[in-house]
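Reviewing the structure listed below.
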Amino acid sequence: MADLVREGKVRYLGLSEAGTVTIRKAVKEHTITALQTEYSLWTRDVEAEILPTCRELGITFVPYSPLGRGFLTGRFKSTADMDENDIRRKTHPRFQPENLEKNLRIVQAVEQLAAEKKCTPGQLALAWCLSQGEDVIPIPGTKRIQYLRENVQAVDVILTADDLRKIDEAIPKGAASGERYMAAQMLRVGR
């Protein structure tokens, strides 16, 4: 990939779901501009090592699924709210019935905090992600223009230090029930 940059075929290099060892190896070969990894109010494991490593090395952190695969928007209250063929229902442990019920407490907290800030739950979740630093640039996915518009308005939600403290108390690290992927998939994540 570094050769492709030197040849002018690629401008920047980024990584996805890399652990600290891989990030450090990659930086020895070529400048890494961005790391894309899941990060949200219910997936905060990157805060321990990966995000600090990115900051140390000057790598922009690009969280995907900052809305917890749509869950943090309050859209899902049970598996019945998902289409039968929805991939989340089949391959994501946090959406399995035994975990979904527990994870609804996170959604309830997000909904309550969002009501206090007079924004949507999705906007609160995105505002939280945006408040994690100027080097954190979330990429929420959506299929609908109405949600795109709603997501963009998250930049107008200002979270104070007190708001961030309340959010952290209501939804602490490790609050989510279930892994983010099935065990076999997790073997390939974050090396």
Counting neighbours of CD on E49 that are heavy atoms of other residues, nucleotides or ligands and sit closer than 6.0 Å, is the number greater than 12? no

I'd like to know whether S16 forms a side chain to side chain contact (heavy atoms under 4.5 Å, CB included) with L35, so could you lay out the CA-CA distance, the side-chain angles of the two residues, the decisive distance to 0.1 Å, and finally the verdict. CA-CA 6 Å; S16 181; L35 173 69; 5.8 Å; no

Stepwise side chain to side chain contact (heavy atoms under 4.5 Å, CB included) test for Y12 and H30: CA-CA 10 Å; Y12 303 103; H30 193 277; over 6 Å; no

So, using side chain to side chain donor-acceptor pair (under 3.5 Å) as the criterion, who are the partners of R44 when residues are at least two apart? E47, D168

Pairwise side-chain contact, E38 with E17, heavy-atom cut-off 4.5 Å (strictly under): yes

Sorted by chain and residue number, the side chain to side chain donor-acceptor pair (under 3.5 Å) partners of E98 (sequence neighbours excluded) come out as none

Using a 4.5 Å cut-off on heavy atoms from C-beta on, say whether the side chain of S131 contacts that of L164. yes

Of all the heavy-atom pairs spanning V136 and C129, show the shortest one and how long it is. CG1-O, 3.6 Å

Can you check whether T60 reaches C54 side chain to side chain, under 4.5 Å on heavy atoms? no

Should we count CD of E7 as having more than 12 external heavy atoms under 6.0 Å? yes

Decide yes or no on side chain to side chain contact (heavy atoms under 4.5 Å, CB included) for L124 and T120, but give the supporting numbers first. CA-CA 6 Å; L124 183 89; T120 68; over 6 Å; no

For D156, what residues pass the side chain to side chain donor-acceptor pair (under 3.5 Å) criterion, not counting sequence neighbours? none

List the atom of L67, the atom of G122, and the distance in Å for their closest heavy-atom pair. CD2-O, 3.3 Å

Taking the side chain as C-beta and beyond, is there a heavy-atom pair between L126 and P140 under 4.5 Å? yes

Of all the heavy-atom pairs spanning V107 and G74, show the shortest one and how long it is. CG1-CA, 3.6 Å

Could you go step by step and tell me if I167 and L41 meet the side chain to side chain contact (heavy atoms under 4.5 Å, CB included) rule? CA-CA 9 Å; I167 292 168; L41 282 168; 3.5 Å; yes

Please give me the minimum heavy-atom distance between S177 and N99, naming the atom from each residue. OG-OD1, 2.7 Å

So which atom in V46 and which in T37 form the shortest heavy-atom distance, rounded to 0.1 Å? CG1-CG2, 3.6 Å

Measure the shortest side-chain to side-chain distance between I23 and L15 over non-hydrogen atoms and say whether it is less than 4.5 angstrom. yes

For E150, which residues count as a salt bridge (charged side-chain N to carboxylate O under 4.0 Å, His left out) partner, sequence neighbours excluded? none

Before accepting this row, confirm whether a basic side-chain N of the pair E29/K25 lies closer than 4.0 Å to the acidic partner's carboxylate O. no

Check whether any side-chain heavy atom of Q153 sits under 4.5 Å from a side-chain heavy atom of R149, and report yes or no. no

Measure the CG-CD distance between L113 and Q108 for me, rounded to the nearest 0.5 Å. 12.0 Å

Are side-chain N/O atoms of T43 and R94 paired as donor and acceptor at under 3.5 Å? yes

For the residue pair L159 and D163, what are the closest heavy atoms and their distance? CA-OD2, 3.5 Å

Calculate, to the nearest 0.5 Å, the distance between atoms CD and CD1 belonging to E111 and I106 respectively. 12.0 Å

Show every ring pair (Phe, Tyr, Trp, His ring centres under 6.0 Å) that has at least one partner inside residues 107-161, sequence neighbours left out. Y39-W128

Going hydrophobic residue to hydrophobic residue with side-chain gaps under 4.5 angstrom, can you get from I145 over to V152? yes

To the nearest 0.5 Å, what is the distance between CG on L148 and CG on N151? 6.5 Å

Quick one: list whatever passes ring-ring contact (aromatic ring centres under 6.0 Å, His included) with W42, sequence neighbours left out. F71, F95

If we only count heavy atoms from C-beta on, is the L13 to V10 side-chain gap below 4.5 Å? yes

Does the Q96 side chain pair with the main chain of H92, one donor and one acceptor, at a distance under 3.5 Å? yes

Can you find a pair of side-chain heavy atoms, one from R24 and one from E56, that are under 4.5 Å apart? yes

